[in-house]
Structure formats: C-alpha cells, structure tokens
Amino acid sequence: MSGFDPMRLVFVLLGGLVLLFIIAPLAGMFIATSPAEFFETAADREVAGSIGLTLWTSMLATIIFGVAAIPFAWILARKKFPFKKLVSAIIDVPVVIPHSAAGIAILGFVSRDTVVGRLGESVGLNFVGSAPGIILAMAFVSIPFLVNAARDGFAAVPEKLEKAALVLGASPARVFFTISLPLAWRSIVSGMIMMWARGMSEFGAVVIVAYHPMITPVLIYERFGAFGLAYARPVAVVFICVCLAFFVLLRMLSSKYDNAES
Amino acid sequence: MLKVENISVRLGKFELRDVIFTADPGGYFVLLGMSGAGKSVLLQVVGGLIRPDRGRVILNGRDITSEKIQKRGVGLVFQDSALFPHMSVYRNIAYPLLSGRMGRSQVRRRVGELADITRVAHLLKRTPLNLSGGEQQRVALARALAPEPELLLLDEPLSSLDVRLRSDLRALLRDINGRGQTMVHVTHDYEEAAMLAGRIGVIENGTVVQTGTPGEVFLNPRSEFVARFVGIRNIFGGTLGGNKGTLRNFISGGIKFTLLSDEPPGEGFVVVRAEDIVISASRPSSSAVNNFPGTVRSVQPARIGAEMMVDIGIELGALVSEESVASLGLKPGKKVWVSLKATAIKYIRR
C-alpha cells in the first residue's frame, strides 16, 4: 500500500500512546531500582518466602477449583437447563464486584463461627489468616476466567464429533475424556494460566481474609505503608520478574504442546 | 432387517409424521428427499441420537427404540465424515475397537482389514486434517464398520465430494453392501439413489410418501418431488446394449437412443435434461446422433422460456425459448424434429 492515510496515522499514534501508558510506569519502576537493590531484595527471606507462598497458593487454587470448574464448563457449553443465563451471570459476579467486598463475603463465610469454618476446623483447616483462606480468596476472584475460557473451548468442539463417538460405542465419560477434553484443551490451558495469573495478583480479597501469612501483593502494600515507596518498589520489581518468567515459560510449554499436536 | 414403525418426532417447527419403512437384511435402502424433508432427523432417530415421540425402531427383531446409543449395533457416517482431528487415521479407525475387550494385536489386525477394504492402508499414520474429502469419507466408513454394525446409516455421504470421487466412493459403497452389510443411505440426489438403491423410500414433508424399487419409484412417481424431476428431466426405463468405449444403444418403448456409457449392458434408465433437447423444423444436419421425428403435444410457459411435450413414440419434455416457440410456430399438432447429443443422455444402471 502506498500513499498517505491520515486515519491510519491517527490510529497508530493513539495505539502508541496506549502502549506507552502501559510501558512507561513499569519501565520507570525498573529503572529506579538499582541492581544492588534488586538482588538484595530477592535475597530477603521475607520477600522470597512471600513470593513462594503466592506462587503455590495461586497454583493450588487453580488446580483444586479447576477440577470442578472444567466439567461444569462442559455442562454450560453443552446442556440446556432452566436458569442457564442466570447461572452464567453468577459466574461473572466475582469479576464485577469490588474485591475487598469479595474478601468480606468470604471472611463471613469461613470465619470460625460459621458452618464452613467449623467444618474446616474439625479436619484441622483454619481458613482465617492461613494458606487455605488465601486459596479460597484467590479462587473466588479468579475462577470466572477459567470457567469462561473452558466453556468457550468446549462450545467450539463440534457436537457432531461427540455424537460420532457415542455412535461408535463410547460411553459418555470416554467421549468427554477422549474427544471433548483434548479438543478443548488449548482454551482450558489458557484459562488456567489466566486464572493463576489473576489469583497471584489478587490483593483486595486476600488482605481481608489473611493479612498474615503475607502474599507478595500484601507485602508490597505493607512495606509501602510502613516505609514508603523506595522500600515497596524493589519488592514489586522482583515479583513482576518472577511472574513474567513463569508466564513466558508456561506460554512456551503450551504452544510447544499445540505444535506437537497439529 | 430394519423396521421403522410409525415414527413421529417434533423438533421445533420441524416434524416427522408416522414414518414407516423396512430395509431388508443385506439390502441397500435409500431415503430420497429434498433438504429439509427430515431425512437426517430420521437417521438420527434410528441411530439413537434423537428420541422419537412415538413409534418403534426394530432391528433384526430387537426393539431398539429406547436402547442406549452404544448398544444399538448401528453405525453412522456423517456427510462431512466427523473424523476426530486430534487422532491419526489409525486411531480413528481403532477408536470403537478400543472400548471393547479386544487385545492390541487383534485391534491392529482388524484396522488393517478395514483399511484394505476401504483402501486407506497407506494413510494410517496421517492426521485426518490433511486428507482429501474422498479419503476422509473412506476412513469414516472404515471407522463405522469397525464395530461390525448390524446396520450402517449413511447421511449424504457423497454430497461433499466432487464428481470423480463420488463414483469411486459409490463403488466402495456397493462393495461394502456386497459383503452383506445392510445399509440405509440418505440423499437428495436422485441419480445417487438410482445408482445405489435396491429399494428407495421417498420422503417429503416429514413422511415417507412412496417406497419401491428405483424402477417403480421413478416410472410411477407418487410424489411431487420425484415427479418434478421426472417431468423436467426425462427418465425412461429400458435396456442398454453394446460394449464399453463405443456408442451404445438403449432401447426404451421401441425408441432407440444412442449414448456413451462405461456401464455393462443390462437393464437401467436413461435421463435426459429438458434443456438439452434441441427442436428443429426440419431434419437437422448437426453432430447430434439422436434425431427423431415427432409431434408437439403441448406448449406451456415456464419460469424461463416454455416447456413443451413432444411425442416421438414416447413423450419427451423439452425446454425452449419463447423466441423459438414463435419462430418455429410451435403449437400442439406441429410436426418437428427432436435431436440430442449422445453425451446429453445419461445412463443409470439398475
């Protein structure tokens, strides 16, 4: 294409501004952090412990709730039932409500004087101020990402293939595990990555259910409140680096899987 | 034997009403009807994917109306093959075998046999995504045959293929039927029906309006759908003579047509499209080898041009332009010459 297209120029300029808006604050934060500060913070046991806690709780939240969410997503994609629209809307509620409100709701649900709280206590699980509580709070706010992605993935599997498998004598369970699940896998994996990412970056809901043990977003907030920007920034930078490294790795692994498949 | 008794089902606006037909054991039954006539729904009822509101499906004496899909003993081939894209051709064919108690070596042997019959042995390691349409349908057939169904249902299996592949696949379908497989095949293509069917059931507006041999159905159509293409496309029963590679004779009602065909001599039909018939005032000196004197019986305006019936010993329907009607002075009683190229006459084997 040749010739001057003013509209295109305007669009590119606007796009550049948006991109800059995202990159500039992050870049500024990185530039303001000296390598010495960075490594000192990474070696800080409180920081490392907190990052480790954040990683494993968010991962476990994704896996535990994924087991229930994936079959549920299949039902949403395939079956007709009364109030299906309402159910779909309920799934999206955690995305639209303020996360601190979500935290309050969960805390009310699992605190010691509730049925769930007592039930948990009887098997040695204490939800308030503990890792299980963090997992619940993370899952609450992040599960819509997995359910929606998995539902779209299942909906994209041609129903005819499932019918063909049934006619070929496969049980519904075999059809699910050999046809539906593998064909929707790409969407499910990307939904799981999204859920994990969302859980890991959660602050509002978690801080209310569990200030301690401290996940990294809470730790950043605490250092900011107690010591100021200069002390919070290196923790944020280290945490962002760890997150990015994991996402790049996961994306690479899942795209490698896709390539091997096709 | 498949007996479909008074099947009725309503799906939204669409409904099947009191569908009755019988497919003989080892027979080739074709359900012929326009798209939207309810053919695919009927197949899915027989296959167990749709539960009928009323009526019964009986396969070899067993009432399978409410039987589980997996236990019906029915195979189904879809129009677009529905192969599993994430599995190799081998795994596709082996899929129905792996849920049974078959050992690995047995499965391998059975897949090999099926691949030989359907001529896909060289494709076993490939993925279905980069097979041609014809290859995909062959694999789908092999897969459907793997569990040895008592009945094989085919839903428009040739529709997505080009003409050359169709004739290959038709030969394969005949071959499979020849091995004793009972087949019920659904199509909107009357040529396909005529070429494959032992018996035809014509389905119109959700019910079977006529069943019979291709001869019975095409020569005495009882439905508008069949009558329409019999009316416009001339269909005549008769006998093909001569040998492959030469001009062939086809005798029907005392009239001798000359045509080209690769089929062996025998009983069959010829089909002539009304558009291919040329009408002249005097004997033409063209390349057309079929020239008959005849008398115009009727001339009627059609959607495009005019439709006329000419008696040449048998009645032929022809489509001509209004200009020709005027310039040739076509009207009932007028003597004309009818000519046809050998290639305009299509022979269909019984």
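From a predicted model like this one, the values you see are computed outputs, not experimental measurements.
Atom CE of Met87(B) sits about 8.0 Å away from atom CG of Leu183(A), to the nearest 0.5 Å. Here CD1 of Ile69(B) is found 11.0 Å from CG of Leu168(A). Values are rounded to the nearest 0.5 Å.
Taking all atoms of both residues into account, the shortest heavy-atom contact from Lys160(A) to Ala82(B) is CG-CB, 3.9 Å. Of all heavy-atom pairs spanning Val167(A) and Val74(B), the tightest one is CG1-O, 3.5 Å.
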Original post:
Could you go step by step and tell me if Leu98(B) and Arg174(A) meet the side-chain contact (heavy atoms from CB on, under 4.5 Å) rule?
Top reply: CA-CA 11 Å; Leu98(B) 293 172; Arg174(A) 185 169 179 234; 3.7 Å; yes

**OP:** Go through Ile179(A) and His86(B) one step at a time and tell me if the side-chain contact (heavy atoms from CB on, under 4.5 Å) criterion holds.
**Re:** CA-CA 8 Å; Ile179(A) 309 294; His86(B) 57 307; 4.1 Å; yes

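The part of Leu49(B) that comes within reach of chain A is its side chain, from C-beta onward, which places non-hydrogen atoms under 4.5 angstrom from that chain. When heavy atoms are compared at a cutoff of 4.5 Å, Leu83(B) approaches chain A solely by way of its backbone atoms N, CA, C and O.
Among the candidates Pro158(A), Ser171(A), Ala165(A), the residue making the largest number of heavy-atom pairs closer than 4.5 Å to chain B is Ala165(A).
Residues passing the ring pair (Phe, Tyr, Trp, His ring centres under 6.0 Å) test with Tyr95(B), sequence neighbours excluded: Phe84(B).
When the heavy atoms of residues 136-160 of chain B are compared with those of chain A, the residues falling under 4.5 Å are Arg143(B), Ala144(B), listed by number. Against chain A, no residue from residues 106-123 of chain B qualifies, as none has a non-hydrogen atom under 4.5 angstrom away.
Listed by first and then second residue, the side-chain hydrogen bond (donor to acceptor under 3.5 Å, both in side chains) pairs involving residues 49-73 of chain A are Ser50(A)-Thr216(A), Thr54(A)-Thr216(A), Ser58(A)-Trp196(A) (not counting sequence neighbours).
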